[in-house]
Amino acid sequence: MSGIWLIARRDFSAFVNTLWGWVILSLALLIDGLLFNAFALTSTARYSAEVLTDFFLITGGVALFAAVAITMRLFAEERQTGTIVLLESSPLSEVQSVLGKYLSGLMFLGLFLALTSFMPAMVMVNGKVSAEEIGVGYLGLFLLGSAGIAIGTWASAISRNQLIALVIAAAVTLFFVMCWMLSRVLDAPFKGLFAYMAFFDKHLSPFQEGRINTEGIVFFVSVSFAFLLLATRSLIARRWE
Amino acid sequence: MITVEGLSHYYGDRRAVEGLSFTIQQNECVGLLGLNGAGKSTTMKVLAGLLVPTGGTVTIDGADLVSSGAQFRSRIGYLPEDPPLYKEMTVREFVLYCGQLKGMPRAAVAARLDEVIALAQLTARQHQLIGELSHGYRKRCGIAQAIIHKPSVVILDEPISGLDPKQIVEMRQVIRNLAKDATVIISSHILSEISETCDRLIVLNGGKIVAAGTEAELAARAGGSARVTALLRGSAEAIQRACTTARATNIELREEAGGLTRAHVTLASAGAEDAKEVLVAALVNNGVGVRRIVEDDGELEQIFLGLTKEAS
């Protein structure tokens with residue numbers, strides 16, 4: 001566990017001690033704020049619960065964008081600069097390396113989500129939503145973002161440079177986002193399959209509305225687990241190439 | 001002690017190394033020599049635990065690379081040609097991080113930090129960001145990360161490449177200090193450097209070991225001859241007589257300013273110091289003053305080229 005925490009702490013420090021981390025964070029917050037203002041806070045009167053639902057939908061999309069942008073560095077940058085040797089020649093296992101990197105991504109996601117909290121706080125002060133609803137919504141966002149970070153971690157683990165990692169992570173994440181559209185045009189059994197694989201819609205909606213959805217938790221945790229496992233396997237395979 | 005038995009590694013169908021077997025004792029400094037594509041880098045990567053060999057075994061003090069990977073890697077310190085450094089960290093932070101990454105408790109690393117930083121001659125720069133350091137200091141920083149956890153084996157890939165003459169002399173001292181506590185394996189294209197710092201050499205060619213031993217042993221095996229140039233003071237007859245006594249051949253003499261003579265001669269047994277000693281003794285016995293005597297090409301270069309040519 002100390003090895004995982006060691007890697008996570010260093011990578012998180014690298015995010016916050018370099019311009020890149022702050023650029024991503026600022027850009028994500030700016031986009032989130034603008035979209036919230038444009039689509040959630042409309043000029044027409046709305047229920048505060050509806051505004052909150054829209055906030056979680058918008059922030060979910062932005063969190064995925066931030067996850068893809070921040071995770072492309074995790075392994076690909078270390079490979080480009082040669083510092084991957086430090087991890088590969090250390091006694092730490094590939095599982096520890098992957099979990100450490102993933103945890104650093106989660107810490108960044110946590111920071112981003114914490115900085116967005118002023119928006120639902122305003123809705124709570126001016127409307128009638130509870131702290132519990134907001135908490136459940138953030139749980140959903142965290143689960144969604146963690147799945148995005150796992151996808152980015154895997155893409156970074158299999159890529160030689162950051163740009164390729166970014167493209168792969170964006171393509172895979174976009175696929176999961178667009179699954180709900182595919183489910184509308186396909187027939188059974190693919191209809192159900194794609195509907196189940198969709199990041200938004202079925203899995204995130206209950207959280208947006210303040211309901212804890214066990215199926216959603218299982219889905220996001222499973223996606224995260226699967227991509228972290230793939231990342232670990234790809235690192236192990238590199239030793240045998 | 002590191003033991004390699006029947007080490008082979010293939011990249012797909014392409015053979016990188018095959019059937020390498022050698023043992024390196026504790027506190028021994030061994031140089032790995034070979035032309036490009038000889039298998040040096042692959043061997044170094046396997047020894048550093050970065051690659052799992054296709055065949056054969058590698059053990060450090062009994063810990064096997066495959067079955068006890070973590071234990072094996074904890075006993076290795078590795079410095080690649082381009083030092084792996086996080087430029088946004090200070091020297092001190094980086095070495096502390098690397099020690100912990102190698103499995104040492106933070107308190108133990110902190111207790112050893114000053115000693116390692118001093119050993120790598122980084123004390124004056126320890127609070128500086130790595131990104132602000134010169135190439136030479138970055139190399140030293142790479143050395144510090146490789147030895148912070150007291151490894152049994154330190155592997156240095158081209159440790160002096162890109163260093164200026166002053167830094168080379170300092171790095172040599174750092175490497176000599178390392179060999180007091182650990183086994184050191186060095187790969188370098190600068191053969192004089194290998195000759196300067198290593199106790200023993202392993203020569204690779206085409207993925208196989210073509211020779212191993214001390215420089216003198218390799219020279220004896222390589223045989224052949226060495227061309228030397230001497231700056232002498234004395235008559236041409238006396239020099240000729242001395243060279244003939246020393247069984248030197250192809251004697252060419254040229255007069256220089258100040259009554260000196262430059263002699264180019266060929267000595268038997270390239271690399272054998274004896275031949276040079278015999279020549280100097282013969283010259284002195286014939287009343288010739290010896291100002292300087294040097295090999296036209298580096299001795300090790302001649303041995304190396306001879307061995308790789310022989311193997312090809």
Side-chain angles (χ1 to χ4, degrees), chain A residues 1-24 70 73-101 103-104 108 157 160 162 232-241, chain B residues 9-12 16 42 44-54 63 65-66 68-90 93-106 109 129-131 142 145-146 148-149 151 153 155 157:
Chain A
M1 186 62 199
S2 63
I4 296 170
W5 181 236
L6 185 72
I7 293 174
R9 244 185 17 220
R10 196 217 72 82
D11 273 47
F12 183 69
S13 300
F15 288 146
V16 294
N17 287 330
T18 54
L19 187 64
W20 179 247
W22 290 108
V23 168
I24 297 293
I70 209 72
R73 299 181 57 171
L74 293 177
F75 286 103
E77 187 190 34
E78 298 237 30
R79 204 164 281 134
Q80 273 179 293
T81 57
T83 50
I84 192 87
V85 166
L86 293 173
L87 292 177
E88 288 178 341
S89 64
S90 81
L92 297 182
S93 67
E94 284 78 5
V95 173
Q96 287 175 301
S97 297
V98 168
L99 288 180
K101 298 279 184 186
L103 185 58
S104 72
F108 183 84
R160 290 205 174 273
Q162 296 180 62
T232 307
R233 297 309 304 174
S234 80
L235 290 185
I236 292 171
R238 281 177 57 82
R239 277 195 201 277
W240 292 85
E241 66 181 20
Chain B
H9 195 78
Y10 283 75
Y11 295 106
T42 302
M44 298 287 262
K45 281 182 182 171
V46 171
L47 297 185
L50 304 180
L51 285 177
V52 175
T54 313
L65 167 62
V66 180
S68 317
Q71 205 181 350
F72 179 94
R73 291 194 296 274
S74 69
R75 294 175 184 180
I76 284 280
Y78 177 50
L79 172 67
E81 188 173 356
D82 291 320
L85 306 168
Y86 294 118
K87 293 175 186 167
E88 73 279 4
M89 292 174 114
T90 65
E93 285 168 351
F94 175 71
V95 180
L96 183 66
Y97 170 75
C98 290
Q100 291 174 273
L101 200 61
K102 287 288 187 176
M104 285 177 86
R106 187 184 165 88
V109 186
L129 287 177
I130 291 171
Q145 67 78 24
I148 181 67
H149 57 297
V153 178
I155 300 172
D157 196 356

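Just so we're clear, the structure is a prediction, and the values are computed from it rather than from any experiment. The sequence lines fix the lettering, A, B, ..., with proteins before strands; numbering per chain opens at 1.
- Considering all non-hydrogen atoms of both residues, A:Pro91 and B:Leu101 come closest at CD-O, 3.4 Å.
- The contact between A:Ile7 and chain B is made by backbone and side chain atoms together, counting heavy-atom distances below 4.5 Å.
- Proximity to chain A (any heavy atom under 4.5 Å) is shown, for B:Leu50, by both the backbone and the side chain.
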Could you show, one pair per line, the donor-acceptor contacts under 3.5 Å between chain A and chain B?
unit_1: A:Arg10; atom_1: NH1; unit_2: B:Glu88; atom_2: OE2; d: 2.8
unit_1: A:Glu78; atom_1: OE1; unit_2: B:Tyr86; atom_2: OH; d: 2.7
unit_1: A:Glu78; atom_1: OE2; unit_2: B:Tyr86; atom_2: OH; d: 3.2
unit_1: A:Ser89; atom_1: O; unit_2: B:Lys102; atom_2: NZ; d: 2.8
unit_1: A:Ser90; atom_1: O; unit_2: B:Arg73; atom_2: NE; d: 2.7
unit_1: A:Arg239; atom_1: O; unit_2: B:Val52; atom_2: N; d: 2.7
unit_1: A:Arg239; atom_1: NH1; unit_2: B:Gly49; atom_2: O; d: 2.5
unit_1: A:Glu241; atom_1: O; unit_2: B:His9; atom_2: NE2; d: 3.1

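- In terms of the side-chain contact (heavy atoms from CB on, under 4.5 Å) criterion, residue partners of A:Leu99 (sequence neighbours excluded) are, by chain and number, A:Ile4, A:Val95, A:Leu228.
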